Structures are given as structure tokens and as C-alpha cells.
Amino acid sequence: MKVLLIGSGGREHALVLKLLESPLVDEIWCAPGNGGIAAVAHCVPIKVMDKEGMVNFAKETGIDFVVVAPDDPLAAGMVDAFEEAGIPSFGPRADAAVIEASKVFSKNLMKKYGIPTARYETFEDEEKAVAYLKEQNSYPAVIKADGLALGKGVIIAQDEAEALEAVHEMMSEGKFGASGRRVVIEEFLTGPEVSVLSFTDGHTIVPMISSKDHKRANDNDEGLNTGGMGTIAPNPYYTSQIAAECMEKIFIPTMNAMNAEGRTFKGCLYFGLMLTPNGPKVIEYNCRFGDPETQVVLPLLKTDLMEIMLAIYEDRLGELDIEFSKEAAACVVLASGGYPVSYKSGYEIHGLDDKGQAEGVTVYHAGTKLENGTFYTAGGRVLGVTAVGTDREDSLRKAYAAAEKITFEGVHYRHDIGKIK
Ligand code: AMP
Ligand code: GLY
């Protein structure tokens with residue numbers, strides 16, 4: 001098969017490497033891709049939101065199957081465009097991707113179908129939001145922009161002043177553009193966070209191995225929120241008992257709810273959970289593989305990923321027996337100096353081989369470019385150094401040992417990925 005994968009980050013590199021393991025896959029094109037992906041697949045400079053460009057390219061190239069990885073093109077109907085063109089693809093249609101693209105939609109869905117989540121109200125009018133905050137007078141309060149905001153649309157306000165400022169910036173000053181015109185104000189929950197990615201064709205839902213993301217820029221969860229500074233799988237807080245409870249109260253009910261709404265979800269449905277004292281609750285849904293969760297989940301997947309994607313497309317996921325390794329994986333993200341605020345790019349990366357890899361680990365490229373056989377930094381998050389080991393400690397030891405040997409100007413990474421307090 002000839003496969004086209006849409007996207008350009010570490011998640012996409014992990015997807016490409018996993019798909020290349022499949023005997024069903026002959027060749028992969030990635031649009032637009034990055035330096036690490038260019039070392040193993042063909043990169044084509046088509047913008048991720050260019051539906052017509054993607055469809056035309058797929059037709060000209062004789063692509064057999066398309067994988068749409070990022071949220072923006074999914075929400076904009078990339079899968080619908082391939083469906084119209086008669087080319088099979090992986091990912092939800094726009095009407096199902098709304099589960100991530102609109103928090104108002106996802107919160108109302110959970111309320112309607114009794115899926116556990118934080119208590120909330122939604123607002124389209126700033127005055128009403130302000131009145132609600134004053135009446136509740138309960139802090140911290142969680143304020144969320146309705147739409148996609150590059151993971152930055154959630155504010156945990158510690159007091160009324162912070163809450164009023166967040167609401168004003170979103171609703172009146174257009175901080176997140178149209179995404180912030182509506183907001184969700186919700187109860188602050190506490191407990192360990194767990195990411196669970198799942199495969200679903202709308203009939204069957206198969207949770208993947210659990211994982212834990214580290215979103216803050218610095219050690220001890222200090223500093224600004226980032227796209228993710230590292231991950232481990234499995235998540236040590238996610239016991240088999242909790243997994244069974246989530247399956248019964250969250251995963252299956254969400255799949256059924258989307259069917260009942262006439263928005264069958266096919267693809268990878270991501271559950272961002274919080275294990276609260278009152279049981280697991282949904283913090284967010286994503287309509288796609290998580291980044292950098294994918295970088296620790298896929299190395300542990302034993303079943304052929306291409307077969308799984310085909311089975312989802314053909315509505316026969318229930319026929320497959322999907323297996324994960326009993327080992328553990330850890331991913332340490334090497335970021336550019338200054339990330340997530342401002343940073344420079346174009347620095348040579350030392351310590352990689354000609355495929356962009358390093359000994360004993362898999363290096364997923366997030367923001368790199370390849371020029372004349374040399375890799376250069378080209379983004380905030382540059383590399384995800386990932387190791388599989390017998391257990392969490394073993395995988396972390398291997399990942400950190402390899403991370404230390406890779407250098408570029410300004411490199412920084414967290415030293416406490418996977419540390420359990
Ligand atoms: P989200 O983009 O919805 O995943 O939110 C980003 C982060 O904000 C989450 O990973 C949580 O750490 C935090 N968060 C979101 N909602 C809540 C909540 N209701 N209570 C406490 N923390 C939250
Ligand atoms: N790592 C969180 C996300 O992919 O949204």
C-alpha cells in the first residue's frame with residue numbers, strides 16, 4: 001500500500017515508523033513532515049489545511065490510504081474530503097471531530113449522557129459569565145475557550161481578578177479569536193491525570209495502554225504549559241480496576257453517545273482523565289492521537305497498526321485482537337532554549353546518526369529539518385528521545401542516558417519525567 005500521512009510533529013514520526021513496520025505498507029508520503037520523517041519517508045510540502053491540495057496529490061500519486069493526525073484538519077473536514085474523493089482514510093469526520101473542536105459540545109454531550117466530568121456552565125455573554133463567577137465565588141475556577149487554541153485555551157484562575165481578566169480576554173478582546181467567543185466555566189478538580197488513547201470504529205472501542213503527559217516546561221511542574229515535555233506508559237496510577245470503571249462509565253458511553261447524536265466517531269479517540277476522589281472524570285476529549293503520548297504508546301503496540309486502521313475503516317475492529325507489550329516506555333522531549341515563549345531555530349543537532357537516530361533508543365523528531373545529511377533544529381519541541389525497558393525505571397534510565405548525548409545550542413529538557421511523588 002501507498003500511505004499518505006498528514007502532519008509534521010513527533011507524533012507523526014512515531015506513526016510513520018510504526019506503519020513502516022507493517023508488511024502491508026510499501027511506501028509512505030508525509031505532508032508536510034519534518035527532518036526525521038524525511039530520513040525514512042517522502043516529505044511533500046502541502047499545508048495541513050489544504051484539503052484540495054491533499055486530495056489532488058493523493059490522486060496523482062495513487063495513494064491507497066490516508067492518515068490524518070492533527071486536530072485542525074480533522075475539524076476542518078479533511079477526512080470528509082477524502083471520503084468524497086473515494087480514498088480510504090483514518091480519522092473522524094468533521095461532525096465527530098467536534099468532540100475536541102468544541103468544549104461546549106463535549107461538555108453538553110457528557111451532561112446529556114451522564115458521563116462523569118467537572119460541573120460547568122457555558123456562556124456566550126461576558127456579563128453573564130461575570131455574574132456567575134461572582135455568585136459562585138469559588139476558586140480556583142477553570143475557564144476554557146470553546147474552540148481549538150493550541151492547548152492554551154484553559155486558564156486556572158486562582159482568584160476573582162484572574163478569572164475576570166481571563167473571561168474578558170477571551171470574550172471581548174478575542175485572545176483566541178472565534179475559539180474564545182464562547183467559554184466554559186467549570187469546577188476545579190484534583191487528582192492524578194491519565195491519558196488514554198483508544199481505537200474505535202463506532203461499534204467497538206479498544207483502549208490502548210495508558211500514559212502520563214508532563215505539560216509544564218520545568219521540573220516539579222513549574223513554568224508555563226507546553227505541548228508536552230515528556231511521557232511515560234503505562235501510567236502508574238491507572239490500575240486495572242480503574243480501567244474497568246472507565247470502560248463501563250466513560251469509554252463505551254462516549255462511543256454510544258456519539259452514535260446516538262448521529263456523529264459516529266471513527267479513528268483515535270483520546271480521553272484526558274482525572275482520577276478524582278469521586279472517581280475518574282473526563283477533563284477533555286481529543287479527536288486524534290496525543291503528542292507526545294503517541295511516542296510512548298506506539299512502541300508498545302504489538303499488533304500491526306496498518307491492519308488496525310484498515311479494520312476501523314471497514315467497521316470490523318471487533319474482529320482484531322489488539323495486543324500491547326508488558327514493558328514500559330518513556331519519552332523525554334528535548335526543546336529549544338526559550339520554548340514555549342520565544343526561541344531560535346537552525347542549530348545543528350549533534351549525536352544523531354544518518355537516519356536521525358541514537359543508539360539504544362528511538363528518537364522521534366518533532367521540529368527538525370534535514371539538509372545535506374545534517375539535522376538542524378526547526379521548532380520549539382525538537383526531539384522526543386524514547387526508550388522501551390522492562391519497567392518504568394529501566395525505560396527512564398535508557399531515555400535519559402541517550403538524551404544526555406544529544407546536543408544542540410540552548411537545548412533544555414525536564415529531569416523528572418516519570419517521577420512519582
Ligand atoms: P485541557 O486543555 O482541557 O486538557 O486542559 C489543560 C490542563 O488544565 C489539563 O491537563 C489539566 O491539568 C487542567 N485542567 C483542565 N480542566 C481542569 C479542571 N476542571 N480542574 C482542574 N484542572 C483542570
Ligand atoms: N499531549 C496532549 C495532547 O496531545 O493534546
Side-chain angles (χ1 to χ4, degrees), residues 7 9-12 14-15 69-72 74-75 97 99-107 110 116-122 136 138-158 163 166 170 176 179-180 183-198 208 210-217 221-233 235 237 267-278 280-298 331 333 340 364 366 380-381 384 414 417:
R11 163 184 60 199
E12 285 76 4
L15 285 163
D71 46 359
D72 283 319
L74 288 167
I99 198 165
E100 171 171 3
S102 169
K103 292 203 191 283
V104 172
F105 172 84
S106 67
K107 294 296 291 191
M110 288 186 268
T117 189
R119 272 185 290 114
Y120 73 101
E121 291 292 333
T122 65
Q136 294 283 308
S138 162
Y139 295 94
V142 184
I143 297 161
K144 302 186 171 184
D146 174 42
L148 298 175
L150 297 167
K152 301 196 175 87
V154 175
I155 304 291
I156 314 277
Q158 298 299 334
M170 285 183 197
F176 301 108
S179 287
V183 299
V184 172
I185 300 181
E186 70 179 30
E187 160 197 27
F188 179 76
L189 298 176
T190 55
E193 286 185 57
V194 182
S195 304
V196 179
L197 285 55
S198 70
M208 299 181 222
S210 64
S211 55
K212 176 175 167 54
D213 191 7
H214 298 67
K215 286 189 173 142
R216 299 296 196 94
D221 283 333
E222 285 168 11
L224 294 170
N225 258 323
T226 70
M229 292 298 288
T231 36
I232 53 167
N235 186 313
Y237 294 103
C268 174
L269 180 54
Y270 167 130
F271 299 87
L273 305 172
M274 197 173 266
L275 308 182
T276 78
N278 300 316
K281 296 193 178 182
V282 177
I283 290 285
E284 65 162 346
Y285 292 113
N286 289 328
C287 66
R288 52 173 174 85
F289 284 95
D291 188 341
E293 285 90 340
T294 304
Q295 290 89 313
V296 286
V297 169
L298 289 187
C331 171
V333 171
Y364 296 117
R381 288 186 297 168
R414 278 182 61 160
I417 300 301

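Worth saying up front: this structure is predicted, and the values here are computed from it rather than measured. Order of listing sets the numbers, starting from 1, for every ligand and every atom in it. Starting from 1, each residue takes its place in the sequence as its number.
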Under 4.0 Å between heavy atoms, the region of E193 that gets near ligand 1 turns out to be side chain

Electrostatic pair K144:E284 at N-O distance under 4.0 angstrom: no

Going by heavy atoms in the side chains, are Y120 and M110 under 4.5 Å from each other? no

Looking at A118, is its backbone amide N or carbonyl O close enough to the side chain of K107 to form a donor-acceptor pair, meaning the two atoms are under 3.5 Å apart? yes

Any protein heavy atom at under 4.0 Å, with atom 7 (C) of ligand 1 as the reference point? no

For ligand 2, which atoms sit closer than 4.0 Å to a heavy atom of E293? 1 (N), 2 (C), 4 (O)

Protein contact to atom 17 (C) of ligand 1 [nearest heavy atom, distance to 0.1 Å]: I283 CD1, 3.7 Å

How far apart are the C-alpha atoms of Y285 and Y270, what are their side-chain angles, what is the distance that settles it, and do they pass the ring pair (Phe, Tyr, Trp, His ring centres under 6.0 Å) test? CA-CA 6 Å; Y285 292 113; Y270 167 130; 9.5 Å; no

Please report the interatomic distance CD1(I99) to SG(C287), rounded to the nearest 0.5 Å. 9.0 Å

Which pair of non-hydrogen atoms, one from Y139 and one from A157, has the smallest distance, and what is that distance? CD2-O, 3.7 Å

Under a plain distance cut-off of 3.5 Å, with no hydrogens placed, do E293 and S195 share a side-chain donor-acceptor pair? yes

With a 4.0 Å cut-off on heavy atoms, is Y270 in contact with ligand 2? yes

among protein heavy atoms, the one nearest atom 21 (C) of ligand 1 is L189 O, 3.2 Å

Using distance alone, decide if ligand 1 has a nitrogen or oxygen within less than 3.5 Å of any nitrogen or oxygen in V154. no

Counting non-hydrogen protein atoms only, what is the nearest one to atom 16 (N) of ligand 1? Give residue, atom name and distance. K144 NZ, 3.0 Å

N/O of D291 under 3.5 Å from N/O of ligand 2, yes or no? yes

Looking only at protein heavy atoms, which one is nearest to atom 13 (C) of ligand 1, and how far off is it? I156 CD1, 4.0 Å

Flag for T231-D213: side-chain donor and acceptor within less than 3.5 Å: no

Within 4.0 Å of some non-hydrogen atom of G290, the atoms of ligand 2 are 4 (O)

Distance under 4.0 Å to a non-hydrogen atom of R288: what atoms of ligand 2 satisfy this? 3 (C), 4 (O), 5 (O)

Counting each atom of ligand 2 from 1 as listed, which ones have a heavy atom of N286 under 4.0 Å away? 3 (C), 5 (O)

Provide the number and element of each atom of ligand 2 under 4.0 Å from a heavy atom of D213. 1 (N), 2 (C)

